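Computed from a predicted structure; not experimentally measured.
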Amino acid sequence: MYCVDEGMAQRDGEHLNIQCLLLDQKESGFVTDNDDKYHYHKYIELIYMLNGTIEACVGSEVYMLNQGDMILIYPGEPHLVRFLTPNRYIVVKFLPEILVTSEQTFNEFEYIFNFSSVNSCKARVVSGDKNIGRLMNSAYKTFACNNYCSELFVRADIIKVCGHILDFWHRCGEIVPIRSLPAKGNLMAVNRIVQYTRSVNGDIRTHEAAGICGLSDGYFSRIFKSLMGMTFTQYVKSVKIAEAERLLKCSDFSVTDIAQRLCYATASHFIEDFKKEKGISPKKYRML
């Protein structure tokens with residue numbers, strides 16, 4: 001299994017917060033920007049089918065997409081597209097941060113958490129939403145024109161697309177709710193810890209997280225669970241399992257090496273956690 005970090009998209013020598021592409025494949029087969037390699041990146045990726053049929057392989061899961069279907073791929077997830085028929089589709093990649101303002105509100109925190117949750121069970125595929133199709137087309141055409149203020153118009157379209165996705169998840173009962181309205185300081189502290197925990201792949205303990213927030217262990221634990229609907233220990237485990245999936249697909253590290261990189265005391269403990277979360281051993285997951 002080969003997998004590459006696609007890195008940041010660029011235009012005119014600058015890194016892009018958003019990139020929009022139109023891909024037109026006239027023959028079937030495995031084709032990606034990196035030949036037949038899985039790849040991953042820091043972006044949320046949306047693929048919207050204009051016509052034809054593809055298979056989107058995300059980790060060990062395979063999703064068939066037809067005209068009018070859209071799939072969401074989270075940051076860091078190894079993925080690959082297989083073209084089953086001639087097709088055309090729009091790809092939009094964007095950093096999760098575009099969804100929030102500098103003065104992040106309670107609702108915005110819930111939005112960005114649901115779009116970047118490593119423990120997500122939400123539907124990846126949204127089908128038949130004409131609003132999403134219209135907005136994805138608009139975002140691509142505006143991005144391609146690259147006129148003055150294009151960036152603002154593209155961002156507005158993508159935020160609207162995300163609104164339709166969130167609304168779909170909400171109607172399906174799949175939103176992970178932020179369960180109580182805390183003081184804004186607590187909200188910001190938990191948000192900071194969520195981002196930090198991801199950046200260190202879960203290599204942090206509860207008392208360390210509490211110290212970073214300037215809170216007692218008990219108070220931090222209560223605030224975190226009230227906001228996130230899970231304990232901090234459960235969240236750390238979900239972050240580690242997500243990183244383990246990436247390493248299993250994107251590296252030649254042994255299971256023991258991965259367990260050590262994720263700060264597990266033993267490989268058997270890592271294997272047990274992975275099987276509980278994914279329903280399959282790390283070794284079998286790598287072979288899929």
If I compare all heavy atoms of [X] with all of [Y], which pair ends up nearest, and what's the gap?
| X | Y | value |
| --- | --- | --- |
| P96 | P75 | CG-CG, 4.1 Å |
| Y40 | E77 | CB-O, 3.7 Å |
| T85 | G52 | OG1-CA, 3.4 Å |
| A9 | Y43 | N-OH, 3.0 Å |
| N114 | W169 | O-CZ3, 3.8 Å |
| G59 | Y38 | O-OH, 3.5 Å |

Could you check whether Y235 and R198, counting side-chain N and O atoms only, form a donor-acceptor pair closer than 3.5 Å?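 On atom types as modelled, these side chains qualify, holding a pair under 3.5 Å.
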S254 side chain to T256 side chain, donor-acceptor N/O pair below 3.5 angstrom: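 Side chains of S254 and T256: no pair found under 3.5 Å.
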Any chance you could lay out the side-chain contact (heavy atoms from CB on, under 4.5 Å) test for E151 and I18, step after step, and finish with the verdict? CA-CA 8 Å; E151 183 180 22; I18 302 173; 5.7 Å; no
Are any non-hydrogen side-chain atoms of [X] and [Y] less than 4.5 angstrom apart?
| X | Y | answer |
| --- | --- | --- |
| I241 | F274 | yes |
| E243 | V239 | no |
| L22 | L50 | yes |
| V126 | L72 | no |
| Y89 | Q25 | no |
| S216 | R222 | no |
| N147 | F153 | no |
| K276 | K237 | no |

Treating [X] as the side-chain partner and [Y] as the backbone partner, does any N or O pair qualify as donor plus acceptor under 3.5 Å?
| X | Y | answer |
| --- | --- | --- |
| N131 | D129 | no |
| N51 | R88 | yes |
| S138 | L135 | no |
| E174 | A123 | yes |

Near Q10 CD, under 6.0 Å, is it more than 12 heavy atoms from other residues, nucleotides or ligands? yes
Check for me, please, whether [X] and [Y] land in the same ILVMFWY cluster - side-chain distances under 4.5 Å, paths through other members count.
| X | Y | value |
| --- | --- | --- |
| V81 | V62 | no |
| I280 | V255 | yes |
| V236 | V200 | yes |

To the nearest 0.5 Å, tell me how far [X] [atom1] sits from [Y] [atom2].
| X | Y | atom1 | atom2 | value |
| --- | --- | --- | --- | --- |
| M287 | L248 | CE | CG | 12.5 Å |
| H41 | M8 | NE2 | CE | 11.0 Å |
| M136 | I47 | CE | CD1 | 8.5 Å |
| L65 | M49 | CG | CE | 6.5 Å |
| L23 | F83 | CG | CZ | 6.0 Å |
| K141 | C20 | NZ | SG | 13.0 Å |

From K93, H79, K42, residue fulfilling side chain to side chain donor-acceptor pair (under 3.5 Å) relative to E6: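 Testing E6 for a side chain to side chain donor-acceptor pair (under 3.5 Å) against K93, H79, K42 leaves exactly one candidate, K93.
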Assess whether side-chain contact (heavy atoms from CB on, under 4.5 Å) is satisfied between V92 and F143, documenting all intermediate values. CA-CA 10 Å; V92 170; F143 181 87; over 6 Å; no
Checking Y264 against I271 for the side-chain contact (heavy atoms from CB on, under 4.5 Å) test, could you report, in this order, the C-alpha distance in whole Å, the side-chain angles of both residues, the deciding distance, and whether it holds? CA-CA 10 Å; Y264 276 90; I271 293 169; over 6 Å; no
Pairing of R171 and D167 as salt bridge, 4.0 angstrom limit: yes
Let me see the working for K240 and D273 under salt bridge (Lys or Arg N to Asp or Glu O under 4.0 Å), right down to the final yes or no. CA-CA 10 Å; K240 287 186 175 184; D273 276 357; over 6 Å; no
Hey, mind stepping through T231 and T233 against side-chain hydrogen bond (donor to acceptor under 3.5 Å, both in side chains) and telling me if it holds? CA-CA 5 Å; T231 67; T233 299; 4.7 Å; no
With F94, the side-chain contact (heavy atoms from CB on, under 4.5 Å) member among V154, V161, I158: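 Passing option: I158.
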Check for me whether K249 meets the cation-pi criterion with Y285, that is, NZ or CZ under 6.0 Å from the six-membered ring centre and within 45 degrees of the ring axis.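 Geometry flag: set, cation within 6.0 Å and 45°.
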Stepwise, does the side-chain contact (heavy atoms from CB on, under 4.5 Å) test hold for I258 with R286? CA-CA 12 Å; I258 292 173; R286 171 171 266 166; 4.0 Å; yes
